Amino acid sequence: MRRIPTAPIKLIAIMLVAGFAVTGCASKKPLPNNPGELGLNNAAPGTSQDFTVNVGDRIFFDTDSSAIRADAQQTLARQAQWLNQYPNYSITIEGHADERGTREYNIALGARRAAATRDFLAARGVNQARIRTISYGKERPVATCDDISCWSQNRRAVTQLGGPGS
Amino acid sequence: MRKPTLRLIAFVTMAMTAFALGGQPARALVEIDINKGNIEPLPIAITDFISSDGIGAQISGVVAADLQSSGLFAPIGKGAFIEKVSNPDVAPRFEDWRVINAQALVIGRVIEEGDGRLRAEFRLWDTFAGEQMLGEQFFTNRDNWRRVAHIIADTIYQRLTGEKGYFDTRVVFVSESGPKDRRVKKLAIMDQDGANVRYLTRGDDIVLTPRFSPTRQEITYMDFAGGEPKVYLLQLETGQRELVGDFPGMTFSPRFSPDGQQVIMSLQQGGNANIYSMDLRTRRTTRLTNSNAIDTSPSFSPDGSRIVFESDRGGRQQLYVMGAGGGEPQRISFGNGSYSTPVWSPRGDLIAFTKQSGGQFSIGVMRPDGSGERILTTGFHNEGPTWAPNGRVLMFFREAAGSGGPQLFTIDLTGRNERAIRTPEFGSDPAWSPLLE
């Protein structure tokens, strides 16, 4: 029905292949089981790179929903554990919506998703005083095609780390 | 109170005075019944206004473009003209105009006065009755020639349709550039026809949903400049920006009351958004809704007595109407789909909205009691209607699938005469000004 944009998908595939090729050369070790030792990066434990790559900085939502899905609960549980281990970090949770909604409502929907994410982390012991939220509505998509494959990536909450002690 | 407003709106010193140019307005034989379902555009001949340089033809060209854009007039190509008007003070040869089926004829002259100002005069003739319908002259600075043209077009529109015109107006909107994931958004203002675009912000921060004050040279809008996105006021003359209220959280979706003394907006509270008003004189804030839902996009009725807004309190976004002071809202939208961004018509008779249904986004109108829903346009993405001050035309933004960005469009109340408004960059979130005075 709709035009299927292929360019972004191709691009992602090429980047992944390239990434694996580089790490394949850099590391001859057998594949590790612990995600922290995946070797895709040199992320030292407790760094923001460690958080992004090994914990996962974002969760995704169903259409017009702010319910934390089962897959997102796992990610947020890891985030909470990590944040409790490194209590110097303050965080900003960015709530986002896809572009298949009207502007004002999506601003509120992004805020609702950020609030749901904050509440989940707080329930797992992360001090609310460390958490700030902001909504970008539909104004900052990460995937920019005009079909469902992109919209599902844009319905997200991203946990951004402030610097230690920030 | 209106006099200083005029000066501010114009941005340049101007004095514009209308004088009747001899003759009584004749009983009109030529008239357009704007309420008829299917209007045949009125054939009208608009001659190049006589002047010593090109300014006369420029002004009459804008008059013709305005009238044509309304869909109610069909300017006749100048190549068909038989009589060459050389003296606008003598009656034209009506038979020369009747034979090319020009039911109305506009002639004019633009003269540079001793003080450098322009004097623009025009006459509107009913060619079949052989009578003058209008004769007026205006004085202005040369810089304002487009405004003179819009005012002449409004005068002709009003004489022939019986409705006030909307050509001497401006539109504030969001000008968008750059890739979608790093889109730069600037507030911009332009004439209703897309001319004279001027940027009001530099694009450093995301800006959204600008709305005109009905009484002052001021807009209210949402800006991400601070740590938290908030509603601001922006003075158009000075560029001065001011935060609206001291709310504990994000504020968004602002709009003025009809008297310009209040701003209504949403305040985010956890996962919910409620509607608040703030009196701009006393700074007093009032909470108008209290629900576990997203209540947003409030818009006053033109008499200031009621507010329409959208809420997902029933599960999906629907339209509700409540009193201006709050109270129990009545749901008014019951069609198949979700409804959002309601805007009350300046005439009070209709509410325009965005409707999402079957994966499509439409612009539609319904009466304030929810009856008489009509969809004006449907497609991949249409959003955010705003009314021309005469309540006959809507502007909105559209993004076609794969187009890369949104564009501004107008459509009239009957769903006909859809037109793109060209802007230098992508355009969204238009808001139409009142008629300039």
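Small disclaimer: the values here were computed from a predicted structure and weren't measured. Sequence lines set the chain letters: A, B, ... in the order given, protein chains first and strands last, and positions in each chain run from 1.
Between the side chains of B:Thr378 and B:Gln360, no donor-acceptor pair is found at a separation under 3.5 Å. B:Arg287 and B:Tyr276 share a side-chain donor-acceptor pair at under 3.5 Å. Judged purely by distance below 3.5 Å, without hydrogens or angles, the side chains of A:Gln79 and A:Thr159 pair a donor atom with an acceptor atom. A:Gln160 and A:Asp57 share no side-chain donor-acceptor pair at under 3.5 Å.
For B:Asp312, the part lying under 4.5 angstrom from a heavy atom of chain A is the side chain only. B:Thr341 touches chain A through its side chain: at least one heavy atom from C-beta onward sits under 4.5 Å away, while N, CA, C and O do not. Residue A:Arg113: no heavy atom, backbone or side chain, is found under 4.5 Å from chain B. Looking at B:Ile294, the atoms closer than 4.5 Å to chain A (heavy atoms on both sides) sit in the backbone and in the side chain alike. Using a 4.5 Å cut-off between heavy atoms, A:Ile107 touches chain B through backbone and side chain atoms alike. Looking at B:Ser266, neither its backbone nor its side chain comes within 4.5 Å of chain A, counting heavy atoms on both sides. At a 4.5 Å heavy-atom cutoff, the contact between B:Phe397 and chain A is made by side-chain atoms alone. With a threshold of 4.5 angstrom between heavy atoms, A:Ser66 does not approach chain B through any atom at all. A:Thr92 does not touch chain B: none of its heavy atoms, backbone or side chain, sits under 4.5 Å away. Proximity to chain A (any heavy atom under 4.5 Å) is restricted, for B:Arg182, to the backbone atoms N, CA, C and O.
The backbone N or O of B:Ser340 lies less than 3.5 Å from no partner atom in the side chain of B:Ser297, so there is not a single donor-acceptor pair. No donor-acceptor distance shorter than 3.5 angstrom exists from the side chain of A:Ser65 to the backbone of A:Phe61, with no hydrogens or angles considered.
Most heavy-atom pairs under 4.5 Å with chain B, from the set A:Gly101, A:Ala111, A:Ala116, A:Ala115: that is A:Gly101. Each of B:Arg183, B:Glu176, B:Glu399 has some count of heavy-atom pairs under 4.5 Å with chain A, and the biggest count is that of B:Arg183. In terms of heavy-atom pairs under 4.5 Å with chain A, the best-connected choice from B:Glu228, B:His381, B:Glu310 is B:His381.
Stacking of A:Arg100 on the aromatic ring of B:Phe380 is recorded, both the 6.0 Å distance cut-off and the 45° axial limit being met.
In this structure, the ring of A:Phe51 has its center less than 6.0 angstrom from the ring center of A:Trp82.
We find that A:Glu139 and B:Lys180 are not joined by a salt bridge, their nearest charged nitrogen and carboxylate oxygen being 4.0 Å or further apart.
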